[in-house]
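Shown next, in C-alpha cells, is the structure this report addresses.
Reckoned from all heavy atoms, side chains included, excluding hydrogens, waters and symmetry mates. The sequence lines fix the lettering, A, B, ..., with proteins before strands; numbering per chain opens at 1.
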Number of protein chains: 2
Amino acid sequence: MGKDRKIDMVILGLLSHEDLTGYDIKKQIDEAIGFFWKGSFGSIYPALGEMEKAGQIKKLPDRSSGSREKIKYRITKDGKNALKEWLKEEQSSNDLKYETLLKLYFGGVEKPEVSIHNIELFEEKIKADLNVLKWYKSNLEKVLDNNEHLHYYLTVTFGIDTYEAYLKWCARSKKLLKERV
Amino acid sequence: MGKDRKIDMVILGLLSHEDLTGYDIKKQIDEAIGFFWKGSFGSIYPALGEMEKAGQIKKLPDRSSGSREKIKYRITKDGKNALKEWLKEEQSSNDLKYETLLKLYFGGVEKPEVSIHNIELFEEKIKADLNVLKWYKSNLEKVLDNNEHLHYYLTVTFGIDTYEAYLKWCARSKKLLKERV
DNA sequence: GTACTATGTATCAAAACGATATATCAAATT
DNA sequence: AATTTGATATATCGTTTTGATACATAGTAC
C-alpha cells in the first residue's frame, strides 16, 4: 500500500472536497494551487486508473447519456484514510527550482545587463501574479468565518508574503547590479 | 543542438568556474545552490556522458595514476556558448512544490492540531537553514568587492528574504489556526 | 583491527513533465 | 448558414528527473 506518489495525494485532497473529472483536477491544480504546486495530464490520468484499481477512488456512472464521455471520480473510505495518513506524516519535502536564481548564480559569465533583465522578467511575472493573489485574499476575507476557507486563505497569504519579499529583493538586487555596470 | 535539459545548464554553469568531477558537481548542487535548486546522481552522470559526446565538456587526463578512478571535466568553447545562450533566453520556469502548503490546503479533513504541527515542522527546518544562509552572507560581505561573488551574494539574500517571510507567515498562521482549536 | 564516514562512478525502476493526438461542444466570426 | 476558434475531455508517449541501490576505495575514530 501507500506508494510515495505525490500526485495521488493531490487527487485525493481535491476529491475530498467534491467529485471531479481528470480535466477538473488539472484545472484546479492550475487555478487554485498553481502558485505552490504543479501537475500534468501525463501524471493525472495514469494515477486515476491505478487509484481506482487500488480502491481509493471510484468512477461515478455517467448519467448524461449520449453526450461526450466524461468520467467523474469520487473518493472512497480507503482514499480518505490514505489522505489522513499522509497529512500526519512528519516528513514534507518542499522542492523548489528557481531557474531565475540559477541564471543569476551563473550570470557572472555575461554582462550585468543580462542578469538585470532576467530579474526584471521575474519581477513582472510576480507583480501580475501578486495582483491575482490579492484579489483571492479579499474575496476569501468575506467568507473567513467558514472553517473550510481558512486553509485556502492561509496558502494565499503565504503566496502574498513570499511574492512581496521577492519584489523587495528584486529592487535591491537590480540596484546592486546596476552599480557594477 | 541545445536540448531543454536543465541539468546540462547546471553542469555547464558549475564547470564555468572550475574543473569538477561528477561527485564534486553533486556536492556543489547540495551545498552551494541547494536552497534554490536540486539535482541527483541519476541525472548528473548520464548528462556528463552525453555532453562529452556532444563536445560541450571534455574529460581531463587522470594524473593521479594507480589510485581510485576520478574523472574531472572541463567546459569547452561550445559549452560556454550554450551556457551564454541559455542565460539570454527570455523564458525561465520557476517550479515550486511545497508539500507543506499542500498539506495545509487539504488540512480541513483533519483536526487543526495536525496543520499546526506541520507548520511547526516547516518553521524549525527554515530557522535552521536561515542561520546557515546568514552565516554565508556575513562571509560573502567581506569579499563583496569581487564581482564574481556578487552573484552568489544575491542568491543568498534571496534565500534570507524569503525565509524571513516564511517565518512571519508561520507565526501568523499558527495564531489563526489556534483560534479555531 | 575494524567499524564508520567520505569519496567516487554508475545504473535502474518509478515518477513527473511536456508535447501531442483525438474528439466533442459552445460561441464568435464571416 | 457555414466556419473557425477556444474550451472541454480523455489518453498516450518520449524524455527528464528522482530516489534508491550497488560497488569500491580512502581516510578517520575507537
Side-chain angles (χ1 to χ4, degrees), chain A residues 1-11 19-31 33-34 37-54 57 59-60 62-73 86 91-99 102, chain B residues 1-11 19-31 33-34 37-54 57 59-60 62-73 86 91-99 102:
Chain A
M1 265 298 99
K3 272 179 288 186
D4 202 25
R5 219 166 41 178
K6 298 285 155 58
I7 188 68
D8 290 11
M9 297 307 139
V10 177
I11 291 171
D19 303 331
L20 297 167
T21 67
Y23 188 82
D24 293 335
I25 288 166
K26 170 63 172 160
K27 246 182 113 180
Q28 290 227 9
I29 291 175
D30 289 347
E31 289 168 15
I33 65 176
W37 200 266
K38 263 96 193 159
S40 61
F41 285 127
S43 62
I44 293 168
Y45 282 109
L48 284 172
E50 287 167 43
M51 290 164 76
E52 201 222 345
K53 237 178 260 172
I57 60 176
K59 279 186 191 171
L60 293 184
D62 185 7
R63 52 192 76 257
S64 59
S65 60
S67 74
R68 165 175 41 183
E69 74 172 330
K70 193 168 165 176
I71 310 163
K72 268 206 175 180
Y73 289 92
W86 167 71
Q91 193 67 20
S92 286
S93 72
N94 297 306
D95 290 348
L96 316 181
K97 287 191 166 183
Y98 292 94
E99 194 173 359
L102 206 56
Chain B
M1 266 303 98
K3 271 179 288 182
D4 203 23
R5 220 167 38 178
K6 298 286 155 54
I7 188 69
D8 291 10
M9 297 306 138
V10 178
I11 291 172
D19 303 331
L20 298 167
T21 67
Y23 189 81
D24 294 334
I25 288 166
K26 170 64 173 160
K27 245 182 115 180
Q28 290 227 9
I29 291 174
D30 288 347
E31 289 168 14
I33 64 174
W37 199 266
K38 262 97 194 157
S40 60
F41 285 128
S43 62
I44 293 167
Y45 282 109
L48 284 171
E50 286 167 42
M51 289 164 76
E52 201 221 347
K53 238 178 256 172
I57 60 175
K59 279 186 190 173
L60 292 184
D62 185 8
R63 51 192 77 257
S64 58
S65 60
S67 74
R68 165 178 39 184
E69 77 172 326
K70 192 169 165 175
I71 310 164
K72 267 205 178 184
Y73 290 92
W86 168 71
Q91 193 66 20
S92 286
S93 72
N94 297 305
D95 289 347
L96 315 182
K97 286 192 167 182
Y98 292 94
E99 194 173 357
L102 206 55

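- The shortest heavy-atom contact between Trp37(A) and Val10(A) is NE1-CG2, 3.5 Å.
- Under the side chain to side chain donor-acceptor pair (under 3.5 Å) criterion, Trp86(A) pairs with Glu99(B), not counting sequence neighbours.
- Atom P of nucleotide dG19(D) and atom CZ of Arg5(A) are separated by 15 Å, given to the nearest angstrom.
- Within the 4.5 Å cutoff, the side chain of Glu50(A) has heavy atoms near those of the Arg5(A) side chain.
- Between Ile11(B) atom CD1 and dT17(D) atom C1' the separation is 12 Å, expressed in whole Å.
- As a whole-Å value, the separation of Tyr73(B) OH from dG8(C) C1' is 12 Å.
- Taking the side chain to side chain donor-acceptor pair (under 3.5 Å) definition, one finds that Lys26(A) meets it with Asp30(A), sequence neighbours left out.
- Tyr23(A) has its OH atom 16 Å from the P atom of dT24(C), to the nearest Å.
- Judged as a salt bridge (Lys or Arg N to Asp or Glu O under 4.0 Å), and not counting sequence neighbours, Asp95(B) has no contacts.
- Applying the ring pair (Phe, Tyr, Trp, His ring centres under 6.0 Å) rule to Phe41(B) yields the partners Tyr45(B); only residues at least two apart in sequence or on another chain are considered.
- OP1 or OP2 of dT9(C) sits under 4.0 Å from a side-chain N or O of Thr21(B).
- When the C1' atom of dT12(D) is taken as reference, atom CG of Leu48(A) falls 14 Å away, rounded to whole Å.
- One atom, CD of Glu69(A), and another, C1' of dT10(D), lie 5 Å apart when rounded to the nearest Å.
- Leu60(A) is linked by a side chain to side chain contact (heavy atoms under 4.5 Å, CB included) to Asp19(A), Lys72(A), Arg74(A), counting only residues two or more places apart in sequence or in another chain.
- Rounded to 10 degrees, the angle between the two end axes of the helix from dG1(C)-dC30(D) to dT30(C)-dA1(D) is 30°, with five pairs used at each end.
- Lys70(A) has its NZ atom 14 Å from the P atom of dA11(D), to the nearest Å.
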Pairs under 3.5 Å (N/O, protein and nucleotides 17-19 of chain C):
{"unit_1": "dC17(C)", "atom_1": "OP1", "unit_2": "Lys97(B)", "atom_2": "NZ", "d": "2.8"}
{"unit_1": "dC17(C)", "atom_1": "OP2", "unit_2": "Ser40(A)", "atom_2": "N", "d": "3.4"}

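- Applying the side chain to side chain donor-acceptor pair (under 3.5 Å) criterion to Ser43(A), with sequence neighbours excluded, gives no partner residue.
- The CD1 atom of Ile7(A) lies 5.0 Å from the CD1 atom of Ile44(A); values are rounded to the nearest 0.5 Å.
- A heavy atom lying under 4.0 Å from DNA chain D marks none of the residues of residues 24-31 of chain B.
- Going from atom CD of Gln91(A) over to atom C1' of dA20(D) covers 15 Å, rounded to whole Å.
- Partners of Tyr73(B) by side chain to side chain donor-acceptor pair (under 3.5 Å), not counting sequence neighbours: none found.
- The shortest non-hydrogen separation linking Ala47(A) to Asp8(A) is CB-OD1, 3.8 Å.
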